[in-house]
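Atoms considered below: every heavy atom in the structure, side chains included; atoms not considered: hydrogens, waters and symmetry mates.
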Amino acid sequence: MVKKMKISDLIQTGEFKQVTDLNLEKTLEGIYCGDLLSWVMSHAKEGEAWITVQTHINVIAVASLLNLACIIIPENIEVEADTIEKATSEEIPILATSLNAYGIFKKVYELGM
């Protein structure tokens with residue numbers, strides 16, 4: 001049985017930090033990784049966490065359109081200030097981590113999802 005996981009469960013591992021100070025109690029329905037926005041728009045599902053190296057403001061539009069649970073930025077990539085501002089206004093949590101995409105999937109699997 002797959003464990004229900006919340007965004008806060010990722011934060012509690014110590015591997016992820018909040019970029020935006022938003023609701024961390026959203027339940028994750030899955031996880032998706034992709035950087036081509038049009039591809040993500042046609043394949044990611046509502047409630048998923050989205051791993052992307054893209055940090056420009058357009059990622060917030062995609063996350064909002066799809067009602068994604070959060071955005072995860074890997075490999076300590078810095079998020080642009082206007083993206084953080086837009087994410088806050090759209091209530092899209094952004095997390096950052098030093099892990100790469102594989103490491104993020106591995107951590108989520110280890111947590112039971």
Side-chain angles (χ1 to χ4, degrees):
M1 175 172 234
V2 176
K3 174 187 169 192
K4 290 285 186 180
M5 183 183 305
K6 295 184 180 204
I7 300 169
S8 60
D9 294 329
L10 295 175
I11 298 295
Q12 290 173 2
T13 68
E15 297 278 355
F16 300 83
K17 66 177 183 173
Q18 292 178 255
V19 175
T20 56
D21 188 22
L22 296 168
N23 180 6
L24 300 178
E25 295 309 308
K26 289 182 181 179
T27 299
L28 300 177
E29 300 296 327
I31 193 163
Y32 190 82
C33 182
D35 298 315
L36 184 59
L37 301 187
S38 60
W39 188 265
V40 173
M41 287 173 57
S42 65
H43 290 84
K45 306 275 188 287
E46 181 176 345
E48 290 181 327
W50 174 24
I51 303 168
T52 182
V53 298
Q54 302 289 345
T55 62
H56 51 78
I57 200 165
N58 293 341
V59 298
I60 305 308
V62 171
S64 181
L65 176 71
L66 297 175
N67 198 24
L68 298 176
C70 67
I71 298 169
I72 302 173
I73 307 296
E75 302 183 40
N76 289 325
I77 299 169
E78 189 172 330
V79 180
E80 298 170 20
D82 58 340
T83 302
I84 296 169
E85 184 179 320
K86 185 67 172 173
T88 301
S89 71
E90 294 290 327
E91 299 184 6
I92 305 291
I94 299 176
L95 306 180
T97 181
S98 63
L99 299 170
N100 63 19
Y102 171 79
I104 295 167
F105 278 107
K106 184 176 179 227
K107 181 60 68 177
V108 169
Y109 176 80
E110 289 169 352
L111 292 171
M113 183 176 206

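- Evaluation of the side-chain hydrogen bond (donor to acceptor under 3.5 Å, both in side chains) rule for Gln54 yields His56 as partners, not counting sequence neighbours.
- The shortest heavy-atom contact between Ala101 and Pro74 is N-CB, 4.4 Å.
- Residue Glu80 qualifies as enclosed at atom CD: its count of foreign heavy atoms under 6.0 Å is above 12.
- The CD1 atom of Ile60 sits 11.5 Å away from the CD atom of Glu85 when rounded to the nearest 0.5 Å.
- Cluster annotation: Val79 and Val62 are assigned to the same hydrophobic cluster (Ile/Leu/Val/Met/Phe/Trp/Tyr, side-chain heavy-atom contacts under 4.5 Å, transitive).
- Here the side chains of Pro93 and Gln18 are not in contact, with every heavy-atom distance at 4.5 Å or above.
- Following chains of ILVMFWY side-chain contacts shorter than 4.5 Å, one cannot reach Leu68 starting from Leu24, and the two form parts of different hydrophobic clusters.
- Remark: side-chain polar atoms of Lys45 are paired, donor with acceptor, to backbone N or O of His43 under 3.5 angstrom.
- Thr97 contributes a side-chain N or O that, together with a main-chain N or O of Leu99, makes up a donor-acceptor pair within less than 3.5 Å.
- In terms of heavy atoms, Glu90 sits closest to Ser64 at OE1-OG, 3.3 Å.
- Linking Ile, Leu, Val, Met, Phe, Trp and Tyr residues whenever their side-chain heavy atoms come within less than 4.5 Å places Ile92 and Val40 in a single cluster.
- The backbone N or O of Thr88 sits nowhere less than 3.5 Å from a side-chain atom of Thr20 that would complete a donor-acceptor pair.
- When the side chains of ILVMFWY residues are joined at heavy-atom separations under 4.5 Å, either directly or via intervening members, Phe16 and Ile77 end up in two distinct hydrophobic clusters.
- Tyr32 and Tyr109 are members of different hydrophobic clusters when ILVMFWY side chains are connected at heavy-atom separations under 4.5 Å.
- Within the 4.5 Å cutoff, the side chain of Asn58 has heavy atoms near those of the Leu37 side chain.
- Rounding to the nearest 0.5 angstrom, the gap separating the CD1 atom in Ile104 from the CD atom in Glu75 is 8.0 Å.
- Side-chain N/O atoms of Thr52 and Asp35 include a donor and acceptor closer than 3.5 Å.
- Taking CG of Asp9 as the start and NZ of Lys107 as the end, the distance is 12.0 Å to the nearest 0.5 Å.
- Between the NZ atom in Lys6 and the SG atom in Cys70 there is a gap of 13.5 Å [rounded to 0.5 Å].
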Checklist entry - Checking side chain to side chain contact (heavy atoms under 4.5 Å, CB included) for the pair Leu95/Ile7: CA distance, chi angles, key distance, verdict? => result CA-CA 9 Å; Leu95 306 180; Ile7 300 169; 3.7 Å; yes
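- For CD of Glu15, the number of neighbouring non-hydrogen atoms (other residues, nucleotides, ligands) closer than 6.0 Å is greater than 12.
- For the side chain to side chain contact (heavy atoms under 4.5 Å, CB included) test with Lys26, the passing option among Leu28, Leu22, Asn23 is Asn23; the others fail.
- The line from CD of Glu29 to NZ of Lys4 is 4.5 Å long, rounded to the nearest 0.5 Å.
- Under the 3.5 Å distance criterion, the side-chain polar atoms of Thr13 are matched with a main-chain donor or acceptor of Leu10.
- To the nearest 0.5 Å, the span separating CD1 on Ile71 from CD on Glu48 amounts to 13.0 Å.
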Item to check | Residue pair Trp50, Leu66: steps toward the side chain to side chain contact (heavy atoms under 4.5 Å, CB included) verdict | outcome: CA-CA 11 Å; Trp50 174 24; Leu66 297 175; over 6 Å; no
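- No hydrogens or angles considered: nothing links the side chains of Glu78 and Thr55 as a donor-acceptor pair under 3.5 Å.
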